[in-house]
Amino acid sequence: MIKTQKGKTYHVKDLKLFKQGKYNVQLAEKNMLSLMHLRTRYVKERPFQNLRIGVNLCVTKETAVLVETLVAGGAKISLCSSNPMATQDDVAAYLASQDSIQVWAYKNESLDDFTKFLTKVSNFKPHIIIDDGGDLTAKIHHKFPTIAKSIIGGCEETTIGITRINNMSKQNILQFPVIAVNDTKTKKLVDNYYGTGQSTIDGIMRTTNTLFAGKVVVVSGYGPCGKGVSMISRGLGANVIVTEVNPFRALEAVYDGYRVMPISKAVLEGDIYITVTGNKNVIRFEHVKQMKRGSILANSGHYDYEIDVKNIYKNCKKIINIREYVEECWIDEKNYVYILSKGRVVNLSGAEGNPSEIMSTSFLGQCLACEYLLKMRGNLPKELIRFPEEMDKKIAQIQINSMNVEIDVLNEELDKESENIKK
Ligand SMILES: NC(=O)c1ccc[n+]([C@@H]2O[C@H](COP(=O)([O-])OP(=O)(O)OC[C@H]3O[C@@H](n4cnc5c(N)ncnc54)[C@H](O)[C@@H]3O)[C@@H](O)[C@H]2O)c1
């Protein structure tokens, strides 16, 4: 038990929101069968007994199910939010009231608090960290080098975090191994493609109630996330234009049946713009000036720099906050665009993030990665580690088992044949 009468071990909006949070977490549990299956094993085996795990993830009802699963395995948790706008305050209140869990998060937290909360989790002296975007990994390395040295390992949840940690790995400054959980085939397929595809559109719909049918949707970035966003938009009847910088991905988009063109041309046609690139300043003021009146701009990449909101705000004549998460930005006397969630991840700020079923698979990966770090303790290089193929298969297998889906098994003859084909 972490909570004490003397020192508070949480900073949340309002503990009284506890009951709603509890109901929401229970709802998520009912849809996260694969993770709940793992929890049953953890209750018996207690693989994380007496371990401290520092978690920097969006504080959602799904993250709550992950955290309680780790606690069921014996862990003590300190949790902060990987995105200042993404916390579900009722869920944070529920978790703060639970044994063995510290919570540092509230919705729309200040950047000052965002930084302070990363420090709180660092000072917890975690044995393992679960990170989303690399901020906790970077914080511990830059500010707490002694703590970094005692960490068994980390797990990274998203694409942009992998890029940052890979850079640290190449510079030989990483003090512990980090598992690239994001890079498993199952994570990319389930979370980035199906999950982010649906929840990004959900975020735009909830904040604006706009119709997708018949609209021109411009998707910047055709990675797994962009593919999912394009697929769902098309499914809703939109005409999709893709913008890319990578010729291979552009080719995929063309063969998938989308129009591909540079953003400088797409800005003349789009009604809704969605960035999912992991890159900076993809949509700038010079683009916004050319857009149709009333165009909607949303970002679902991890950071709020994909749309260059700073310069757009600076150059706008006026900005009216017309409803929660929707700003009407007047370019001149006649023309305006809508920017959603100040350019922060629209699915997590304007909606509830990825559906529970999706996060069940993603978080299976996180749990198995934590177990792998313990099993391999002392034997992994201090680098970004690709998850072994068989672990990836294990995640997919547990997930389909939980869905009561059965598959065939290769017999010896077919097995040999498939090996020959591979050669
Ligand atoms: N919102 C969510 O819930 C969620 C979930 C998973 C990942 N993410 C984030 O979404 C982003 C994309 O993830 P991914 O897995 O698809 O990444 P990815 O790196 O596989 O794909 C990104 C694509 O964007 C392209 N790109 C880069 N700069 C561009 C530019 N200026 N114009 C057009 N295209 C450009 C790249 O060539 C690449 O094909 C990352 O920031 C990731 O962290 C968000």
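The chain is numbered in sequence order, starting from 1. Note that this is a predicted model, so its numbers are computed, not measured.
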| message | Quick check: do E269 and M261 have side-chain heavy atoms less than 4.5 Å from each other? | response | yes
| query | Under 3.5 Å, is there a donor-acceptor pair linking the side chains of D90 and N24? | reply | yes
| task | Grab the two heavy atoms, one from I162 and one from D183, that are nearest each other, plus how far apart they are. | result | CG2-OD2, 3.6 Å
| message | Do Y303 and N279 pair up side chain to side chain, a donor and an acceptor below 3.5 Å, judged on atom types alone? | response | no
| field | V260 versus A250, closest heavy-atom pair with distance | value | CG2-O, 3.8 Å
| message | As a test of understanding, state which of V218, V217, N299, V216 forms a side chain to side chain contact (heavy atoms under 4.5 Å, CB included) with Y273. | response | V218
| Going through the checks in order, is the side chain to side chain contact (heavy atoms under 4.5 Å, CB included) test met by L374 and L51? | CA-CA 10 Å; L374 290 178; L51 283 183; 3.5 Å; yes
| query | With no hydrogens and no angle check, do the side chains of N347 and D202 hold a donor and an acceptor under 3.5 Å apart? | reply | no
| With distance as the sole test, does H37 use its side chain to make a donor-acceptor pair with the main-chain N or O of L33 at under 3.5 Å? | no
| query | With a cut-off of 6.0 Å (strictly less than), are more than 12 heavy atoms of other residues, nucleotides or ligands near CD of E406? | reply | no
| field | Gap between atom CD of Q366 and atom SG of C155 - 0.5 Å precision | value | 5.0 Å
| message | Less than 4.5 Å apart, side chain to side chain, heavy atoms only: is that true for V65 and F363? | response | no
| said: Using only atom types and a distance under 3.5 Å, with no angle test, would you say the side chain of H141 pairs donor to acceptor with the backbone of T137? | reply: yes
Mind listing the side-chain donor-acceptor pairs of residues 387-395 below 3.5 Å, one per line with the distance, residues two or more places apart or on another chain?
residue, atom, partner, partner atom, Å
E389, OE2, K185, NZ, 3.2
D392, OD1, K185, N, 3.4
D392, OD1, T186, N, 3.3
D392, OD1, T186, OG1, 2.8
D392, OD2, K185, N, 2.7

| When you check the gap from the basic side-chain N to the acidic O, do D308 and R284 get nearer than 4.0 Å? | no
Only distances under 3.5 Å count here; give the side-chain donor-acceptor pairs of residues 56-63 to other protein atoms, sequence neighbours excluded, each with its distance to 0.1 Å.
residue, atom, partner, partner atom, Å
N56, OD1, S82, N, 3.3
N56, ND2, D131, OD1, 2.8
T60, OG1, E62, N, 3.4
T60, OG1, E62, OE1, 3.4
T60, OG1, T63, N, 3.2
T60, OG1, T63, OG1, 3.3
K61, NZ, E352, OE1, 3.0
E62, OE2, S356, OG, 2.7
T63, OG1, C58, O, 2.6

| message | What I want to check is whether the side chains of T119 and K139 have a donor and an acceptor closer together than 3.5 Å. | response | yes
| What pairs of residues pass the side-chain hydrogen bond (donor to acceptor under 3.5 Å, both in side chains) test when at least one of them lies in residues 218-228, not counting sequence neighbours? | S220-T243, Y222-D256, K227-E252
| Do C316 and I312 have side chains that get closer than 4.5 Å, going by heavy atoms? | yes
| said: Atom CZ of residue position R46 - does it have more than 12 heavy atoms of other residues, nucleotides or ligands inside 6.0 Å? | reply: yes
| So, Q102 and S78: side-chain donor and acceptor under 3.5 Å apart, yes or no? | yes
| query | If only atom types and distance count, is the side chain of T87 paired as donor or acceptor with the main-chain N or O of D89 below 3.5 Å? | reply | no
| Within a strict 4.5 Å, meaning less than it, do heavy atoms of the R164 and E156 side chains meet? | no
| query | Distance only, no hydrogens: is a donor on one side chain within 3.5 Å (strictly under) of an acceptor on the other, for Q88 and Y94? | reply | no
| request: Considering non-hydrogen atoms only, spot the tightest contact between C367 and T69 and give its length. | output: SG-CG2, 4.4 Å
| field | Near-ring test F48/Y42, centroid separation under 6.0 angstrom | value | yes
| task | Before accepting this row, confirm whether a basic side-chain N of the pair K116/E109 lies closer than 4.0 Å to the acidic partner's carboxylate O. | result | no
| Closest non-hydrogen atom pair, Q175 against K149 | OE1-CG, 3.8 Å
| Are H127 and F176 close enough that their ring centres sit under 6.0 Å apart? | no
| query | Should R39 and E29 count as side-chain neighbours, where that means a heavy-atom distance under 4.5 Å? | reply | yes
| query | About how many Å separate CG of L373 and CD1 of I151, when rounded to the nearest 0.5 Å? | reply | 11.0 Å
| From I160 CD1 over to H302 NE2, what is the distance, rounded to the nearest 0.5 angstrom? | 8.0 Å
| task | Mind running side chain to side chain donor-acceptor pair (under 3.5 Å) on S169 and E383 for me, showing each step along the way? | result | CA-CA 5 Å; S169 182; E383 290 171 4; 5.4 Å; no
| said: Other residues, nucleotides and ligands only: do more than 12 of their heavy atoms fall within 6.0 Å of NZ on K125? | reply: no
| Can you tell if the side chain of F114 reaches within under 4.5 Å of the side chain of S81, non-hydrogen atoms only? | no
| query | Is there a donor-acceptor pair closer than 3.5 Å between any side-chain N or O of K76 and the backbone N or O of R52? | reply | no
| query | Judged by atom type as modelled, is there a donor-acceptor pair below 3.5 Å linking the side chain of T200 to the main-chain atoms of G197? | reply | no
| field | L79 vs W104 side-chain heavy atoms within contact, under 4.5 Å | value | no
| field | Evaluation steps, side chain to side chain contact (heavy atoms under 4.5 Å, CB included), between I296 and D271 | value | CA-CA 6 Å; I296 293 170; D271 298 298; over 6 Å; no
| query | Does K280 count as lying over the ring of Y305, i.e. NZ or CZ under 6.0 Å from the six-ring centre, within 45 degrees of the axis? | reply | yes
| request: Check I152 against P177 and note the closest heavy-atom contact, atom names and distance. | output: O-CD, 3.4 Å
| How far apart are the C-alpha atoms of Y193 and Q198, what are their side-chain angles, what is the distance that settles it, and do they pass the side chain to side chain donor-acceptor pair (under 3.5 Å) test? | CA-CA 8 Å; Y193 180 64; Q198 175 175 311; over 6 Å; no
| query | Do V178 and I385 have side chains that get closer than 4.5 Å, going by heavy atoms? | reply | no
| request: Evaluate the side chain to side chain donor-acceptor pair (under 3.5 Å) criterion for residues Y106 and D113: first the C-alpha distance (whole Å), next the side-chain angles of each, then the deciding distance (0.1 Å), finally the verdict. | output: CA-CA 9 Å; Y106 61 92; D113 277 343; 2.6 Å; yes
| task | Compute whether any side-chain donor of one residue and acceptor of the other, for K215 and S233, lie under 3.5 angstrom apart. | result | no
| message | As an exercise, state the distance from NZ of K188 to SG of C225, rounded to the nearest 0.5 Å. | response | 9.0 Å
| message | Let me confirm one number: the CG-CE distance from N31 to M359, rounded to the nearest 0.5 Å. | response | 13.5 Å
| S122 and L136: which non-hydrogen atoms are nearest, and at how many Å? | OG-CD1, 3.9 Å
| message | Counting neighbours of NE2 on H11 that are heavy atoms of other residues, nucleotides or ligands and sit closer than 6.0 Å, is the number greater than 12? | response | yes
| Any donor and acceptor pair, going by atom type alone, linking the side chain of Q171 with main-chain N or O of M168 inside 3.5 Å? | no
